[in-house]
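When a ligand or atom number is given, it counts from 1 through the structure's own listing order.
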Amino acid sequence: MLIGIDDTDSNEGMCTTYLAALLADELRVFGTVAGFPYLIRLNPTISYKTRGNAALGIELNLFAEDSETKEKVISFVTEKIETYAELSCDQTNPGAVFIFDEAYESLRLPLNDFYKKAVTGVIEIEEATAFLNQAELEFPNAVFHASMKNGRGLIGSLAACGAMLNSDTDTDFTFEYVVYRLPSNWGSCGGPERFVDKESLILADQMTTPETWDTIDFDKKTKPFPVCVPSGNDPVLFGIRGNSAAAVSKAAECVISEEIEKAQIFKTNQGTDAHLISVRFVSEMKPLHSYILEGIVHSIAETIEGGHDIFKLRDPSGGILTCAAFEPTGNFRHIIRELIPEDEIRVYGSFKNETLNLEKMKVLKLAEDLKSENPICQECGKRMESAGAGQGFRCKKCKTKTESKTEVLIPRKINIGYYEVPPSARRHLSKPLIRYSKEDLKS
Ligand code: ATP
């Protein structure tokens with residue numbers, strides 16, 4: 001059976017991944033957990049999200065498939081959500097979806113479409129409930145749901161089931177090894193600051209790179225920042241991301257930290273670019289969606305208040321797009337400032353408030369950066385000076401003359417190729433360049 005859960009946490013505490021890790025342990029009395037639990041990231045522009053718009057899924061192979069066991073599992077999961085969810089928070093609206101084997105084949109494609117829409121687009125609660133009502137009518141003993149408050153979590157829960165059910169065909173998945181603090185240490189219980197030894201994280205990174213990423217942010221070389229350690233009240237101590245369960249486990253073994261409660265490896269769509277839609281024209285873009293678009297730099301970057309850099313891009317039809325590299329993207333802004341009109345680039349990012357929030361960029365072709373200067377005297381090699389308005393240039397010493405200024409090529413400080421934001425500014429879903437093969441980097 002598939003179990004999807006979402007929307008149990010708030011900024012004050014909890015984390016739906018913790019509840020999933022707890023369930024993955026405790027549901028073992030009813031069956032075996034198939035593979036790893038799923039940590040599915042959904043549309044990063046959704047305003048209801050607490051942090052990273054995560055939904056969680058578990059596939060459980062039940063020891064017995066009778067209706068009594070099914071009911072027991074459903075009540076067990078629902079009670080755990082009631083116990084752990086931050087129900088007093090306005091923004092916390094839990095949902096859980098349960099799908100049994102009998103419905104798998106019929107729901108595979110519609111659930112895949114639902115997942116794809118949840119990761120790229122915007123879904124209303126009514127769309128999720130209509131989907132569930134229809135499925136429950138068709139499969140009365142194989143599809144169930146439970147929700148609290150306005151039930152918005154049903155959107156993520158259904159999407160997590162869709163991702164799990166189609167995980168054999170959708171092959172780009174990564175892994176995260178998430179470590180949880182002792183409950184007495186949680187910030188929501190007044191616990192102390194997290195202790196994770198920075199040197200051990202640097203070692204973990206060195207031992208496993210390029211199979212793991214985003215453990216440390218080396219963007220500011222003088223001050224490496226442990227990006228895998230969160231700062232809020234939630235139970236997470238740190239999380240290591242990588243291409244395989246083996247790589248993230250090897251990295252986690254190197255880490256020295258405070259005493260932990262538990263650890264869980266998740267299979268995830270993080271680092272896969274699942275949220276991006278390729279388009280040719282700016283006119284195709286809708287707010288709250290994320291895109292890949294090729295175009296020509298229309299105007300150079302302007303640094304606005306707050307340290308954000310904004311420039312304009314022109315698509316092949318002349319449509320203009322405002323692109324932004326916000327202040328937290330650090331050194332990435334220095335690259336953006338090197339772009340000049342007529343450079344050809346491909347941009348990747350989320351479209352919100354009529355602006356594309358850049359996640360990465362490929363420079364496809366560099367324009368020539370020309371500067372006009374007073375000519376050089378052919379006799380003595382010295383720079384000529386103006387001979388007066390409209391009278392060209394002359395060399396004071398040799399008395400030679402030339403009509404016009406000369407154009408000189410200024411060397412460009414950026415190259416053709418990919419550039420990305422640093423790990424601390426990276427969206428969970430963004431595919432880091434470290435995951436690109438040689439072929440990917442050529443495309
Ligand atoms: P955390 O990362 O700490 O688990 P979160 O950032 O995942 O928190 P949630 O508390 O899960 O945030 O809230 C996100 C809410 O948005 C959920 O109710 C989820 O069902 C809903 N949601 C997710 N994707 C979409 C979408 N594409 N359209 C509309 N609602 C969505």
Side-chain angles (χ1 to χ4, degrees), residues 3-23 37-58 81 84-97 111-132 145-163 176 178 180-181 186-188 228-239 241 264 266 268-270 274-277 286-290 350-352 426-429:
I3 303 170
I5 57 168
D6 196 10
D7 210 340
T8 64
D9 54 1
S10 77
N11 282 324
E12 303 312 311
M14 256 304 282
C15 171
T16 310
T17 72
Y18 178 77
L19 188 51
L22 199 96
L23 286 171
Y38 285 74
L39 162 54
I40 299 300
R41 298 286 176 178
L42 301 172
N43 185 344
T45 70
I46 292 298
S47 59
Y48 310 113
K49 69 179 183 177
T50 312
R51 285 176 288 267
N53 203 3
L56 278 297
I58 294 172
I81 294 177
Y84 284 91
E86 293 271 320
L87 291 169
S88 58
C89 169
D90 279 354
Q91 287 273 54
T92 303
N93 296 288
V97 170
L111 267 179
N112 196 29
D113 290 346
F114 193 95
Y115 159 63
K116 294 264 146 81
K117 187 168 174 189
V119 78
T120 56
V122 182
I123 299 183
E124 298 300 327
I125 302 177
E126 293 70 30
E127 198 174 332
T129 46
F131 187 107
L132 282 161
H145 75 276
S147 65
M148 281 149 233
K149 296 168 66 186
N150 77 16
R152 190 180 311 282
L154 291 173
I155 300 171
S157 308
L158 262 176
C161 291
E176 180 161 355
V178 185
Y180 299 97
R181 312 183 77 187
W186 294 1
S188 50
C228 68
V229 182
S231 58
N233 280 338
D234 61 283
V236 176
L237 181 60
F238 66 90
R241 296 170 181 200
Q264 178 66 57
F266 292 95
T268 168
N269 62 352
Q270 289 170 169
H275 60 313
L276 298 173
I277 305 166
K286 290 184 281 183
L288 306 183
H289 290 65
S290 305
S350 294
F351 188 53
K352 210 173 170 179
R426 195 183 332 271
R427 288 233 141 114
H428 298 291
L429 277 164

- Note on the structure: For atom 3 (O) of ligand 1, the closest protein heavy atom turns out to be Asp9 OD2, 2.4 Å
- Nearest to atom 13 (O) of ligand 1, what protein heavy atom do you find, and at what distance? Tyr48 O, 3.5 Å
- Query: Is the closest N or O pair between Gly121 and ligand 1 shorter than 3.5 Å?
  - Reply: yes
- Minimum-distance protein heavy atom relative to atom 7 (O) of ligand 1: Ala54 N, 2.5 Å
- Item | Taking atom 2 (O) of ligand 1 as the reference point, the nearest protein heavy atom with its distance | Gly52 N, 3.2 Å
- Message: Can you report which non-hydrogen protein atom sits closest to atom 18 (O) of ligand 1, along with the distance?
- Response: Asp7 OD2, 2.5 Å
- May I ask you to check whether Cys15 has an N/O atom sitting below 3.5 Å from an N/O atom of ligand 1? no
- Task: Before accepting this row, confirm whether a basic side-chain N of the pair Asp9/Arg51 lies closer than 4.0 Å to the acidic partner's carboxylate O.
- Result: yes
- Between Lys117 and ligand 1, does any nitrogen or oxygen pair lie at a separation below 3.5 Å? no
- Would Asn93 count as a contact of ligand 1 if the rule is a heavy atom under 4.0 Å away? no
- For ligand 1, find out whether one of its N or O atoms is nearer than 3.5 Å to an N or O atom of Leu42. no
- Message: Can you confirm whether the side chains of His275 and Arg41 place a donor and an acceptor under 3.5 Å from each other?
- Response: no
- Message: Whether the side chain of Asp6 engages the backbone of Ile155 through a donor-acceptor N/O pair (distance < 3.5 Å, no angle test) should be reported.
- Response: no
- Message: Only heavy atoms of Ile123, strictly under 4.0 Å: list the atoms of ligand 1 that pass.
- Response: 26 (C), 28 (N), 29 (C), 30 (N)
- Message: I need the nearest protein heavy-atom contact for atom 19 (C) of ligand 1: residue, atom name and distance, please.
- Response: Asp6 OD2, 3.1 Å
- Item | Backbone or side-chain N or O of Asn53 under 3.5 Å from ligand 1 N or O | yes
- Message: For atom 20 (O) of ligand 1, what is the closest protein heavy atom, and at what distance to 0.1 Å?
- Response: Arg152 O, 2.8 Å
- For Lys49, take its heavy atoms, then give the atoms of ligand 1 lying under 4.0 Å from any of them. 6 (O), 12 (O), 13 (O), 14 (C)
- Query: Do any N/O atoms on Ile46 end up under 3.5 angstrom from N/O atoms on ligand 1?
  - Reply: no
- Query: So, Thr268 side chain and Leu39 main chain: donor-acceptor pair closer than 3.5 Å or not?
  - Reply: yes
- CZ of Phe266 to CD1 of Ile40: how many Å apart, nearest 0.5 Å? 11.0 Å
- Quick one: does Arg41 get within less than 4.0 Å of ligand 1, heavy atoms only? yes
- Query: Is it the case that more than 12 heavy atoms not belonging to Glu124 sit under 6.0 Å from its CD atom?
  - Reply: no
- Item | atom 31 (C) of ligand 1: nearest protein contact (heavy atom, Å) | Ile155 CG2, 3.8 Å
- Message: Does either side chain, that of Ser350 or that of Arg427, offer a donor lying less than 3.5 Å from an acceptor on the other one?
- Response: yes
